[in-house]
Amino acid sequence: MHKGDGYSEDYAAGTTPSSPVPVALRRVLDLVVSGEATSRAEISRRSGLARSTVGQQVDHLVARGILQELESRESVRGRPPRVLTISPQAGTIAVADIDTLGSQVAIADLTRRVIAHETVDIRIDAGPRAVLDAVTERLSSLLAKHDRDPDRVRETVVGLPGPVDFQHGCAVRPTGMPGWDGYPVAEHLRTAFRCPVVVDNDVNLMALGEASQAAADTPLLCIKIASGIGAGIVTANGDVYRGADGAAGDIGHIRAVGGGDVLCACGNIGCVGALASHRAILRSLGIPEATGEDPLHGAHELAQRVANSDPPALHALRQAATEIGEVVAMLVHMFNPRTLVLGGPLSELRDDLLSGVRAVVYQRALPLATRKLTITTTQLGAGAGIHGGIAIATRDIFSPPGIARLLASEPT
């Protein structure tokens with residue numbers, strides 16, 4: 001698989017069995033995973049495989065605990081039809097979406113069903129060891145609480161709010177993340193869960209979550225407006241576009257139209273993230289981002305001021321929307337997305353944010369690029385990154401090398 005598929009050769013090095021997976025078995029499993037076929041007869045029709053071959057492969061997968069075959073509840077004459085699905089006990093996916101003020105963690109089964117989802121209240125500036133240990137502890141607790149075998153965690157996915165080297169599983173010179181530069185995040189979690197680990201930018205996970213779980217049309221461009229501003233790009237065939245080195249979408253450091261001499265954390269001046277991010281708006285209004293009693297104090301206070309039609313808050317929000325809209329209009333010309341999603345805490349103030357961004361995009365971008373464009377806010381909210389992580393994991397697990405690992409880990 002190539003880089004855009006969300007599969008890292010680095011994390012799987014030395015873990016993929018050398019024996020190839022039979023083509024017939026892969027075809028049977030692909031049809032069940034995709035939902036294209038749910039019975040032996042249907043698999044045979046769609047695959048062109050002989051019924052005896054389908055039967056052998058299905059029996060093999062059921063015996064290994066990867067598929068289950070259940071009687072349908074539909075009322076029909078004669079013998080009730082039997083339906084094939086991925087077994088809920090085939091394994092578990094662990095996901096952590098790490099952010100500046102806290103982290104979302106979840107476990108899911110291989111059908112993409114979320115089993116449990118919780119928040120870990122630890123700031124990212126506590127450092128990688130403290131954050132990853134807290135995340136590991138909470139995920140382990142969820143596995144125990146829901147009777148999920150820790151030895152059957154098939155993949156762990158982590159989202160980080162900064163530039164990520166996707167192949168090596170670490171952040172690269174992230175701003176506002178002391179101690180994270182080059183820290184081996186993938187190795188830390190691989191040691192804890194003894195499974196493949198994927199580390200990606202948090203906006204990439206958010207974009208993939210919106211595209212897969214919310215069924216948004218692709219190509220999709222997702223903009224997260226939080227402590228900084230970043231973009232995730234999902235192509236027409238459902239892949240995340242990361243660029244040559246994983247830096248695609250780091251739009252917060254594009255110079256804003258009205259940037260002036262505002263200093264950015266990256267050391268440059270006039271970056272759109274320093275002028276129009278959620279953190280920048282709070283700073284301009286003198287609102288603390290967090291307090292000891294409320295880690296989300298800034299988001300709550302800004303929302304209250306906007307709801308009360310506070311003039312400085314409305315002006316700051318609308319000005320930020322204009323600056324973001326200028327950058328987004330440029331991206332619309334470059335990528336011609338079908339869907340544009342605005343996420344992050346600022347997206348909760350959807351009326352003022354959406355109207356401001358839309359106004360600039362439709363004014364600046366040409367009709368061909370906007371005539372079928374949908375501009376909206378996130379449908380999944382804070383859970384978008386979790387669903388994106390689950391989507392990456394299931395794609396990896398049911399890829400050819402992933403299936404080989406899955407089969408090798410089950411008793412014969």
Side-chain angles (χ1 to χ4, degrees), residues 99-102 104 119 121 123-125 161 175-176 202-203 206 222-231 251-266 269-331 340-364 375-384:
D99 211 339
T100 53
L101 300 177
Q104 303 284 325
T119 300
D121 292 323
R123 294 174 60 98
I124 202 163
D125 56 15
T175 57
D202 62 343
V203 195
M206 176 182 285
C222 182
I223 310 293
K224 182 179 179 182
I225 312 160
S227 58
I229 299 176
I251 64 171
H253 301 293
I254 294 175
R255 185 171 177 83
V257 173
D261 58 357
V262 176
L263 182 64
C264 180
C266 72
I269 59 172
C271 296
V272 68
L275 197 70
S277 67
H278 186 249
R279 176 174 287 175
I281 293 174
L282 296 180
R283 187 183 298 117
S284 71
L285 295 171
I287 301 173
E289 190 172 25
T291 65
E293 297 77 26
D294 183 6
L296 299 178
H297 170 79
H300 296 152
E301 177 65 20
L302 179 59
Q304 187 61 52
R305 292 192 189 188
V306 170
N308 293 337
S309 299
D310 176 64
L314 291 175
H315 175 74
L317 178 59
R318 290 167 184 170
Q319 184 62 37
T322 299
E323 296 291 353
I324 293 166
E326 291 283 353
V327 174
V328 168
M330 177 183 64
L331 296 176
L340 171 64
V341 178
L342 302 176
L346 210 58
S347 68
E348 296 176 11
L349 310 174
R350 55 178 297 144
D351 292 340
D352 291 277
L353 181 67
L354 268 180
S355 61
V357 171
R358 280 175 174 159
V360 177
V361 170
Y362 286 120
Q363 178 187 1
R364 301 287 294 173
I375 304 177
T376 185
T377 52
T378 172
Q379 303 299 300
L380 302 175

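- Closest of all the heavy-atom pairs between Ile229 and Ile223 is CG2-CG2, 4.0 Å.
- No donor-acceptor distance shorter than 3.5 angstrom exists from the side chain of Asp99 to the backbone of Leu101, with no hydrogens or angles considered.
- A donor-acceptor pair under 3.5 Å links the side-chain atoms of Arg255 to the main chain of Ile269, judged by distance alone.
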Evaluate the side-chain contact (heavy atoms from CB on, under 4.5 Å) criterion for residues Ser347 and Ile225: first the C-alpha distance (whole Å), next the side-chain angles of each, then the deciding distance (0.1 Å), finally the verdict. CA-CA 7 Å; Ser347 68; Ile225 312 160; over 6 Å; no
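- Separating the NE2 atom in His278 from the CG atom in Leu317 is a distance of 9.5 Å, to the nearest 0.5 Å.
- Once rounded to the nearest 0.5 Å, the distance linking CD1 of Ile287 with NE2 of His300 reads 12.5 Å.
- For the atom pair CG (Leu353) and OG1 (Thr377), the distance works out to 8.5 Å, reported to the nearest 0.5 Å.
- Interatomic distance, SG of Cys222 versus CG of Leu340, reported as 8.5 Å (0.5 Å rounding).
- Among residues at least two apart or in separate chains, salt bridge (charged side-chain N to carboxylate O under 4.0 Å, His left out) pairs with a member in residues 306-324 are Arg318-Asp352.
- With rounding to the nearest 0.5 Å, the separation of CD1 in Ile324 from CG in Leu275 is 9.5 Å.
- Across all their heavy atoms, Met206 and Gly344 have their closest contact at CE-N, 4.3 Å.
- Closest approach of Cys266 to Cys271, counting heavy atoms only: SG-SG, 3.8 Å.
- Taking both residues in full, the closest heavy atoms of Leu380 and Thr378 are given as N-OG1, 3.1 Å, listed atom of the first, atom of the second, then distance.
- The two residues Ile281 and Ala320 come nearest to each other via the heavy atoms CD1-CB, 3.5 Å.
- Here the side chains of Ser227 and Pro161 are not in contact, with every heavy-atom distance at 4.5 Å or above.
- Using a 4.5 Å heavy-atom threshold, the side chains of Arg279 and Thr100 count as touching.
- Atom CG of Leu342 is separated from atom OG1 of Thr376 by 8.0 Å, given to the nearest 0.5 angstrom.
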Show your working on side-chain contact (heavy atoms from CB on, under 4.5 Å) between Met330 and Ile251 and close with a plain yes or no. CA-CA 11 Å; Met330 177 183 64; Ile251 64 171; over 6 Å; no
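- Scanning both residues, Pro345 and Ala299, for their nearest heavy atoms gives CB-CB, 4.5 Å.
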